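To start, the structure under review is shown below, and the notes come after it.
What you see is a predicted model, and the numbers here were worked out from it, not measured in a lab. Reckoned from all heavy atoms, side chains included, excluding hydrogens, waters and symmetry mates.
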Amino acid sequence: MKILVCISNVPDTTSKINFTEGDTKFDTNGVQFVINPNDEFGLTRAMWFKEKQGATVHIATVGDASVEPTMRKALAIGADEGIRINALPTDGYFVAEQLAEVAKSGEYDLIIAGRESIDYNGGMVPGILATLLDMNFVNTCIGLEVDGNSAKAIREIDGGKETLSTDLPLVIGGQKGLVEESDLRIPNMRGIMMARKKQLNVVEPVSALQGTTDVKFEKPAPKGAVKLVDNVDALIDLLHNEAKAI
């Protein structure tokens, strides 16, 4: 089985976020970048298929040279080969088009992507990718088993879970639950050393539609000062007349 894991390079959630150029560009200065958490769950599941079923695992990322440390971490976790599409991931459809081109040339049986990235939270790429490749698609996937050419997937739905049977080739949008958090891999020294020797191919992007552009970013308004009250009547008055909550 040949697996492609789509990796996003996203800011660590502890990073302080700022914007430049009139709040139209994300300021990367001083920001630590990591593997998108939803993608990391998918990568760990791919490692299970590699170890248990002898699968070959490739990773693919759309980005400039600054994303390569994140890709090297994925290689250190155990991926066999990396592919970097040399373009900025400015639009979900554009990203899906680039990944689709890589997937077509690689003839993958299973494509694992995170259901969304934690930076823009668009949630578009896995579904568009499956459509472009004309593959079966399971989103919000929290469980996956493969037996030969057949797959059983469990996905999260409102109020419960749904179990699906489908055939390969398959695209999934994975998320927390695809593996246990305790099973997530931390690169060890041997993996880091081996990652330096693994192949990281850089390919140029294909011409593709960029249907959306960022107009402006806006951070949440700061929380107001706390107002302390010392009796119930004053609290009720504030909730009714100021907060309009009752």
So which heavy atom on [X] is nearest to which on [Y], and how close?
X    : Y    : answer
L75  : D80  : CD2-C, 4.2 Å
L133 : A103 : CD1-CB, 3.7 Å
K198 : A79  : NZ-O, 2.8 Å
V146 : Q53  : O-NE2, 3.1 Å
L129 : C6   : CD2-SG, 4.1 Å
D39  : S8   : OD2-N, 2.7 Å

Is a donor on one side and an acceptor on the other found under 3.5 Å between the side chain of [X] and the backbone of [Y]?
X   : Y    : answer
N36 : I118 : yes
T44 : E40  : yes
D91 : T212 : yes
D12 : V34  : no

#### Entry: Contact list for residues 233-243, test salt bridge (Lys or Arg N to Asp or Glu O under 4.0 Å), sequence neighbours left out
K227-E242
### Message
Show, in sequence, the C-alpha distance, side-chain angles and deciding distance for N38 and E116, and conclude whether the side chain to side chain donor-acceptor pair (under 3.5 Å) test is met.
### Response
CA-CA 7 Å; N38 287 320; E116 65 179 2; 4.9 Å; no
### Query
Who passes side chain to side chain contact (heavy atoms under 4.5 Å, CB included) against A46, sequence neighbours left out?
I3, V5, V57, I112
Is [X] isolated, or which residues cluster with it under the ILVMFWY side-chain rule of less than 4.5 Å, directly or via members?
X    : value
L228 : V226
I142 : I154
Y120 : I17, F19, F26, V31, F33, F217

Taking the side chain as C-beta and beyond, is there a heavy-atom pair between [X] and [Y] under 4.5 Å?
X    : Y    : value
E218 : D23  : no
V138 : L170 : yes
I172 : L144 : yes

### Message
Under a 4.0 Å threshold between the charged nitrogen and the carboxylate oxygen, would E156 count as salt-bridged to K161?
### Response
no
### Task
Give a yes or no on whether L209 and V95 share a hydrophobic cluster (residues Ile, Leu, Val, Met, Phe, Trp, Tyr; joining criterion: side-chain heavy atoms under 4.5 Å apart).
no
### Message
With a 6.0 Å cut-off (strictly less than), is the heavy-atom count around CG of D134, excluding the residue itself, greater than 12?
### Response
no
### Step-by-step salt bridge (Lys or Arg N to Asp or Glu O under 4.0 Å) determination, R45 to D183
CA-CA 9 Å; R45 192 59 181 163; D183 291 331; over 6 Å; no
What donor-acceptor contacts under 3.5 angstrom involve side-chain atoms of residues 184-197, with partners at least two apart or in another chain?
unit_1, atom_1, unit_2, atom_2, d
R185, NH1, E51, OE2, 3.0
R185, NH2, E51, OE1, 3.2
R185, NH2, E51, OE2, 3.2
N188, OD1, R190, N, 3.3
N188, OD1, G191, N, 2.7

### Task
From the options V67, L99, T61, select the one residue that forms a side chain to side chain contact (heavy atoms under 4.5 Å, CB included) with I85.
L99
### Task
Assess whether salt bridge (Lys or Arg N to Asp or Glu O under 4.0 Å) is satisfied between E68 and R84, documenting all intermediate values.
CA-CA 8 Å; E68 291 190 5; R84 178 171 70 82; 2.9 Å; yes
